[in-house]
Amino acid sequence: MDFKDSPEQAEFRAEVQAWLKANAKPKTKDTVRGSQENRYKEAKAWYKKVFDAGYACIAWPKEYGGAGLSQIHKVIWSQEVEKYDEPDGYFVIGQGNCGPAMMHFATEQQKTELLPRMASAEDVWCQLFSEPSAGSDVAGLRTKAQLQGDKWIINGQKIWTSGAQHSDYGVILCRTDPDVSKYRGMTMFFIDMKQPGVDVQPITQMDGGSHFNEVFFNNAEIPDSQRLGDVGGGWGAALLVLMNERLAISGIQPDGFPELLKLVQSLDIDGEPARNNPLVRERLAHWYCQHAGLKASTNRMLTAVAKGGIPGAEAALGKLVGAVMNQDIANYVLQLLGDTGAISDESLAEQHAHFQNTVMFAPGIRLAGGTDEVMRNIIAEQVLGLPQEPRADKGIAFKDIPSGNQG
Amino acid sequence: MDFKDSPEQAEFRAEVQAWLKANAKPKTKDTVRGSQENRYKEAKAWYKKVFDAGYACIAWPKEYGGAGLSQIHKVIWSQEVEKYDEPDGYFVIGQGNCGPAMMHFATEQQKTELLPRMASAEDVWCQLFSEPSAGSDVAGLRTKAQLQGDKWIINGQKIWTSGAQHSDYGVILCRTDPDVSKYRGMTMFFIDMKQPGVDVQPITQMDGGSHFNEVFFNNAEIPDSQRLGDVGGGWGAALLVLMNERLAISGIQPDGFPELLKLVQSLDIDGEPARNNPLVRERLAHWYCQHAGLKASTNRMLTAVAKGGIPGAEAALGKLVGAVMNQDIANYVLQLLGDTGAISDESLAEQHAHFQNTVMFAPGIRLAGGTDEVMRNIIAEQVLGLPQEPRADKGIAFKDIPSGNQG
Amino acid sequence: MNFDFSEDQKFIQEQARNFLSAECTTARVRKTLEGEQDYDQALWAQIVELGWPATAISEDQGGLGLGYLELCVIAEEMGRALAPVPFIASVYLATEAIKLAAGKAQQDAWLPQLAVGEWIGCLASVEQAGAFNPEALKCSVTDGKLTGTKTAVLHGAIADKAIVVATEGGKPGLYLVELSQAAVSRKALKCLDPTQPLAELVFDQADAEKLAGDIDAIAAISKIYDRAAVLLSFEQIGGCDAALNMAKEYTSARYAFGRQVASFQAIKHKLADMFVAKELARSNAYYGAWALSVNADELPLSAATARVSAIDAYYQCSKENIQAHGGMGFTWEFDCHLYYRRAQALSLTLGGSPYWKELLVERLLNANAA
Amino acid sequence: MNFDFSEDQKFIQEQARNFLSAECTTARVRKTLEGEQDYDQALWAQIVELGWPATAISEDQGGLGLGYLELCVIAEEMGRALAPVPFIASVYLATEAIKLAAGKAQQDAWLPQLAVGEWIGCLASVEQAGAFNPEALKCSVTDGKLTGTKTAVLHGAIADKAIVVATEGGKPGLYLVELSQAAVSRKALKCLDPTQPLAELVFDQADAEKLAGDIDAIAAISKIYDRAAVLLSFEQIGGCDAALNMAKEYTSARYAFGRQVASFQAIKHKLADMFVAKELARSNAYYGAWALSVNADELPLSAATARVSAIDAYYQCSKENIQAHGGMGFTWEFDCHLYYRRAQALSLTLGGSPYWKELLVERLLNANAA
């Protein structure tokens, strides 16, 4: 066990530090987040710069645009870049979810052609799984893909698609056979998002933002050559993507602790420093244990991956704990602030209204990428091996499964 | 809304206060609980005294040994007797659970003969529902009752029977038909506990005590005249009993708060009064809200009952909240005491080791009379009207229901 | 002993609920939420017409001469309906401040006006983060002129008059200030629940009339806060009820894995826990209502208890309602966030949970020491 | 960067687990629990034979010269097996106290003896409720004679020697005291986990030898506590693992409503939450183990973090294991209470959760201020 770098890792870290110092924007007290469009442009520019320097997708093979290094190197990169004010996780869904799917299922030619463009963020990718009536029950999806000649014709609707409005490609899961049981009738593809018949509509979130989209498919086309895996093999492929998603997210999942610590170190409540308040201290200790535990858990998982393991369902715990904690910390801070806590003006509220914004955004994190309840199911079934519930949708054709949902 | 007594209630309270002052044992700082056998004898004596004074089973009709007054009068009695050191809830299961069952189903002659004896605790009653493989799933019980002539022959085993060792009678739920679906094949009786073929064995609890028993039936006999309700109507009758149980328990369910408050007012931690410790104060506020909420909820429920309503499933919340709180408070106090918290010697530990004893007994309260999980199910289904889960045991004969349990 | 509202009170509540469910739909609430208006003037006019602001004002002061219990049941419905009107600011805060701390002549002049909604009042107490602290007041009055800044003033941007807490010669007092005068500048603040909007009020030598009752100002404020705490707790349990109902209806109608979402134990138990929190809060609110209605010695403790319970319950019910809705709960389109925003607003007005927990314990220990 | 134990360490752990699962069954643990013996002398002899007390003693002082990481994996197995032996008292506490605070000659004399189990040590620090407080020590030494009372001394009734914290001329110090001398009287205390028994030690002019190392006694105690906190956290996660496994096995085998109890979401999610608490505690324990193994600057913070996490996780896992068992979990016959008792014992030894949370925050804020 060694929580410090090996000499080779230390060298890599030093190199990264030097490059970042020369190229990355330092964090300042007054950083205000720009418009969504601006942030997208900045992210594109940053990813290109990182790619050109050879630090994009550090754990990918060099021939696909990566650095050919290990997950541990990627962690080092993340630890260092975190100290700067750069949008390093902006395209994590493409690179973290779609990348591995392409790596696993695409043809060599597709990989050589598309992956480096994904790594440099020249092409932006999105993931098209969820649907209005297929949320926690992803496999309940209904978007149809029907084969006509050597093309698949796509009709239906996806939802909660991050970055769809900017995307060049998407990895999509479709129902190709409603007459077999639900987990068997799905197939995965990658799709050109810029073609006719693909219509992206932003969803306005409860916090007023629009990070997610609905995507409507109206006779959109996918050549069979863009099929990822076997016809009917979509569920297995999707599980692979979701597994990688949890790994990709686990490192960057906000848990709210660093902001809380920062606040406690600077805030006065009724003329007394918050850091001297025993109640605040108790909460700080409680959440630090979770924060430190999550960080160390991620590192344990990465150690396992670096040793050749596959990312396990354990990753679900990071999202489960972090998302709830993030919401509760923000709410706690507001309670501490009292009446003024409700003021969400970024120029007036602490840390540019971070806590007010988090109170309104955090509920989404508890839902996106699998609800708390789905995470607990995953841990119970996939990690602990507990039995599934009796299944009302088992062994019957998809089209015959009871559903009161619309659409 | 009036949280004070009406003139008539105030008069009753004054009368009760006077009687208690003359007849009940005051609480003292040094009360140590005697042996289980002694406490039983004291309880018998106390109940007889109460009965002779006309305060037994206050809400029962006079002809059955009660005082013919309302539930509100019963509350007044409980509030007053609580201030003394008397075992007033000792026979609550008989009077609270079995009493209403007898009241509802027994013949007039049985009621006139047996209920006054129950009210005076001359006869002690127990309730025989749970079985080793029928805990949360009470209706999964297997104790057989088979009709021979005008007698039922009982074979099987009950468990978690409070007071069985002292009992003269028990209300028992048996399976009378394993060939119909499980909720339909049960029948309720009252049984003479002193007959041959009834064998009571105490269960040693995890805290070393023995409040509960196993009861084995080996060709014990019940005359058909002691059947309570229809053959096959046992489940409906049992629900009535359980409903009354929750009402009876809700007033006396310990939640641990009074003892915590007492401790905080006297304890020094590291030379500082605990009541000045902000962390302790915060916990006190948190638990007081629950404590006060439970008390007021019970009173709301009693108001509804006094107005002629039936005790609702809402009563489940008292047990759910109180039991968990009781355990957590005790654990919190131990944590506060640090190393010395583990000392459970009654002559050394605070309040005669109340908190240490509670830590070890509280898990049982979370289980007895329905687990936390069962209470949540009851609230979800019976109060909120949410749908049941798909039932693996529905619509099939009892004997064909899958079970890995022994016995 | 009777732990329930009377039939008359329940009738008032039913009337209020019927009115609000017809008039104050969430579609209408959204007009204020989305900034079309600062508050719902038409709805406010209807509410004034119904006499609700006059509920707890005595008949000889132009009110209906009903009591706090009647105001509590109306509060529950206002909370359930998320009414985007200055009821809290004007009725629970300004009106009660005047009832408690104004002189007889002032009361006779102002209460009849408040009863018929002639003007809208608000309470300006807070100056900084943390709960209101009378020890640290910076607003001060000299020769009838008020100077200083108040923040987080509920409905401060649209109220006609404010009750302002300020010191005069170092001693705290309550002052009525006309907000339309030139010496007052005010700024609406962006806040979590735009249907209960906050403002900053800056006073620069503004005319201020001292409330002339013979109660100590600190004691008066404590009483105003306690009364409002009880009334707010009813708004909060109304909100809890609505959020729990939404969760129940949505999860019962929606299917996943071939069955109703509400049939999954994870959802059932989540809703059961919401119910438990809500019922404890309701019971505590009832006790507070009784104490308020008879001005019982138990009011300070029971008000703090009602408030802490209600804060916890509404946070839980409103956030888990979102969770029970899955992704749709996170959309602007669904109403879940309306309750969640309101839960935040109500929990922070009058100071948050840590402040009230401390008050509760102080009162509890005092009550049990005596 | 490598956040896992080495293959060698895992091998040691596997050996320990195999040995303990064969030798230290819960049936055997119950002999101590039920008072047949004060501790399991035969098991202790085997453990000494295996050299475990010598793990973290250097070779030139008669030890095996392995490190703390090796001791951590053994600790996890001791915790899992609920071993009723004075390993905590003698190995984590007394031995580490001597390593830290004794003079060279003392170490050379005593450590080889501890390595081969020639005597059993314990640590006597606590005198009153609340965590150990060096400011309030009453035990004192004059002219080599110790007087005063210590309580809640883990394995104090059976240990041969105690490391006692006492003042001399007002200055705290650590003293080795032979417990068989007439000037020491000791009393076993009834306690929650008789397999980790506590005692009261009364010293009346007892001979005491000062530990002569040149470390400040307060600093030494803090370090002893930190080291032991990490090692205890491994005992605790071992216990969490065992409790979770019990819950998993029982609920998978038992049926209710015609299906496995473990197939109900309420149970699945309960067990998932136990897993989450346990894994967070495990990860924090690993970090503490690393800090301990290289005596990193991070040790104080990571030790407090590991301890607080482990206290919470073991309480949760052990109490919810009872709950998952239903009524049978509440019986003496089932083993659930063995873990629950041990969870209490381990959480209270060295001071409970509030004490360690405060240490954690102090260290966290210092680390982040620097």
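Worth knowing before you read on, the calculation uses all heavy atoms, side chains too, and leaves out hydrogens, waters and symmetry mates. Just so it is clear: chains get the letters A, B, ... in the order the sequence lines come, proteins before strands, and each one is counted from 1.
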Is chain C contacted by the side chain of [X], its backbone, both, or neither, given a heavy-atom distance below 4.5 Å?
X: E389(A); answer: side chain
X: N377(A); answer: neither
X: N277(A); answer: neither
X: I396(A); answer: neither
X: F212(A); answer: side chain
X: K182(A); answer: side chain
X: V374(A); answer: neither

Exercise. Quick one: salt bridge (charged side-chain N to carboxylate O under 4.0 Å, His left out) partners of R281(A), sequence neighbours excluded?
Worked result: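 Per chain and number, R281(A) pairs via salt bridge (charged side-chain N to carboxylate O under 4.0 Å, His left out) with E358(D).
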
For this session: Using modelled atom types only, decide if a donor and an acceptor are shared between the side chain of Q205(A) and the backbone of H211(A) within a distance under 3.5 Å.
Result: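 At least one qualifying donor-acceptor pair exists.
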
Exercise. Between R341(C) (side chain) and L192(C) (backbone), is there a donor-acceptor pair under 3.5 Å?
Worked result: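 It does hold such a pair.
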
Considering only heavy atoms and a distance below 4.5 Å, find which of [options] pairs most often with chain A.
options: G352(C), A266(C), G258(C); value: G258(C)
options: F264(C), Y340(C), F334(C); value: Y340(C)
options: T349(C), D193(C), T151(C), I267(C); value: T349(C)
options: L350(C), T331(C), V261(C); value: T331(C)

Exercise. Under 4.5 Å between any side-chain heavy atoms of I343(A) and L198(C), yes or no?
Worked result: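 Answer yes - side chains close enough.
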
Exercise. Which class fits the ring pair Y225(C) and F132(C): parallel under 30°, tilted 30 to 60°, perpendicular over 60°?
Worked result: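 Because their plane-to-plane angle lies in the 30° to 60° range, the rings of Y225(C) and F132(C) count as tilted.
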
For this session: Could you pull out the closest heavy-atom pair between I203(A) and S210(A), with the gap in Å?
Result: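 Shortest heavy-atom contact: O-OG, 3.2 Å.
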
Exercise. Can you name the residues of residues 330-339 of chain A that have some heavy atom under 4.5 Å away from a heavy atom in chain C?
Worked result: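 Under the 4.5 Å heavy-atom cut-off, N331(A), L334(A), Q335(A), L336(A), L337(A), G338(A), D339(A) qualify.
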
For this session: Could you check which of S344(A), A392(A), G271(A) has the highest count of heavy-atom pairs closer than 4.5 Å to chain C?
Result: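 Among the listed options, the one with the most contacts to chain C is S344(A).
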
